[in-house]
K.L.:
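Dumping the structure here so I can ask a few things about it.
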Amino acid sequence: GVMAGQQTRVGFGLCYRTVLGNDTQGENYGYKLHIIYGAMASPSDKSYATINDNPEAITFSWEYTTTPVAINDNYKPTALIVIDSTKVDAANLAALEDILYGTTLIEPRLPMPAEIIELMGVSGATGDTGATGETGATGSGH
């Protein structure tokens, strides 16, 4: 295998899920889908150790930035949409998850924010809808 470093990075999007718990239902209470757009990642420093009696796996980490994408006239551009399963219609959420994760008939894909807002039945930029957008995001994933 040949590997060439220092290549141009390509932007990407991703979706991940976090668990919501409470005192009566525990971790079965619900979850949040976090959908990220316009991400660019670069690896942080890696340190290698010599072979020894106590092998230890390398810890990888990445620095990332995001570039907000347009939604519609009611919202400012965003790089993050968060969907709270306890606050949105279950059928709409199931339809979104079919798009995100795919089915036997649907290829998985990352829908744009405007499509998500329409699918969730959100009208306008005010009110507690369960779908939220935040402009930009930076950080590191470990």
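What you see below is based on every heavy atom in this structure, not just the backbone, and it leaves out hydrogens, waters and symmetry mates.
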K.L.:
After noting the C-alpha distance and the side-chain angles of Leu100 and Leu110, does the key distance pass the side-chain contact (heavy atoms from CB on, under 4.5 Å) rule?
P.N.:
CA-CA 6 Å; Leu100 289 167; Leu110 190 66; 3.8 Å; yes
K.L.:
Is the shortest side-chain heavy-atom distance between Ile99 and Leu119 below 4.5 Å?
P.N.:
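Yes, their side chains come closer than 4.5 Å.
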K.L.:
Among Thr103, Leu105, Leu93, which residue meets the side-chain contact (heavy atoms from CB on, under 4.5 Å) test with Asp98?
P.N.:
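Going through Thr103, Leu105, Leu93 one by one, the side-chain contact (heavy atoms from CB on, under 4.5 Å) with Asp98 is satisfied by Thr103 alone.
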K.L.:
State, with a plain yes or no, whether a side-chain heavy atom of Ile36 is found less than 4.5 Å away from one of Tyr16.
P.N.:
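In short, these two side chains touch, coming nearer than 4.5 Å.
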K.L.:
Using 0.5 Å steps for rounding, measure from the CE atom of Met112 to the CD atom of Glu118.
P.N.:
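Rounded to the nearest 0.5 Å, the CE-CD separation comes out at 14.0 Å.
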K.L.:
Within a reach of under 6.0 Å around OH of Tyr29, are more than 12 heavy atoms found that belong to other residues, nucleotides or ligands?
P.N.:
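Atom OH in Tyr29 is not packed in, count stays at 12 or less.
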K.L.:
With rounding to the nearest 0.5 Å, note down the distance linking CZ in Arg17 to NE2 in His34.
P.N.:
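Those atoms lie 10.5 Å apart.
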K.L.:
Is there a side-chain contact between Thr67 and Met40 (heavy atoms, below 4.5 Å)?
P.N.:
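Thr67 does not reach Met40 side chain to side chain.
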K.L.:
If I compare all heavy atoms of Arg9 with all of Pro43, which pair ends up nearest, and what's the gap?
P.N.:
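In terms of heavy atoms, the two residues are closest at NH2-CD, 3.2 Å.
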K.L.:
Are the side chains of Tyr37 and Ile35 in contact, using a 4.5 Å heavy-atom criterion?
P.N.:
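Answer yes - side chains close enough.
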K.L.:
Only counting residues at least two apart or in another chain, list the ones meeting side-chain contact (heavy atoms from CB on, under 4.5 Å) with Asp89.
P.N.:
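Applying side-chain contact (heavy atoms from CB on, under 4.5 Å) to Asp89 gives Ala91, Asn92.
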K.L.:
Going by side-chain hydrogen bond (donor to acceptor under 3.5 Å, both in side chains), name the residues that satisfy it together with Ser85, two or more places apart in sequence or in a different chain.
P.N.:
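Ser85 satisfies side-chain hydrogen bond (donor to acceptor under 3.5 Å, both in side chains) with no residue once adjacent residues are dropped.
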K.L.:
Is the backbone of Pro113 close enough, under 3.5 Å, to the side chain of Glu115 for a donor and an acceptor to pair up by distance?
P.N.:
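Such a contact is absent between Glu115 side chain and Pro113 backbone.
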K.L.:
For the residue pair Arg109 and Pro111, what are the closest heavy atoms and their distance?
P.N.:
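Nearest heavy atoms, Arg109 then Pro111: O-CD, 3.3 Å.
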K.L.:
Assigning hydrophobic clusters by single linkage (Ile, Leu, Val, Met, Phe, Trp, Tyr; side-chain heavy-atom cutoff under 4.5 Å), is Leu20 placed with Ile81?
P.N.:
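Each belongs to a different hydrophobic cluster.
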K.L.:
Does atom CD (Glu107) have a neighbourhood of more than 12 heavy atoms from anything else shown, all under 6.0 Å?
P.N.:
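No.
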K.L.:
Side-chain contact, heavy-atom cut-off 4.5 Å: Ile116 with Ile83?
P.N.:
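Yes - at least one pair of side-chain heavy atoms lies under 4.5 Å apart.
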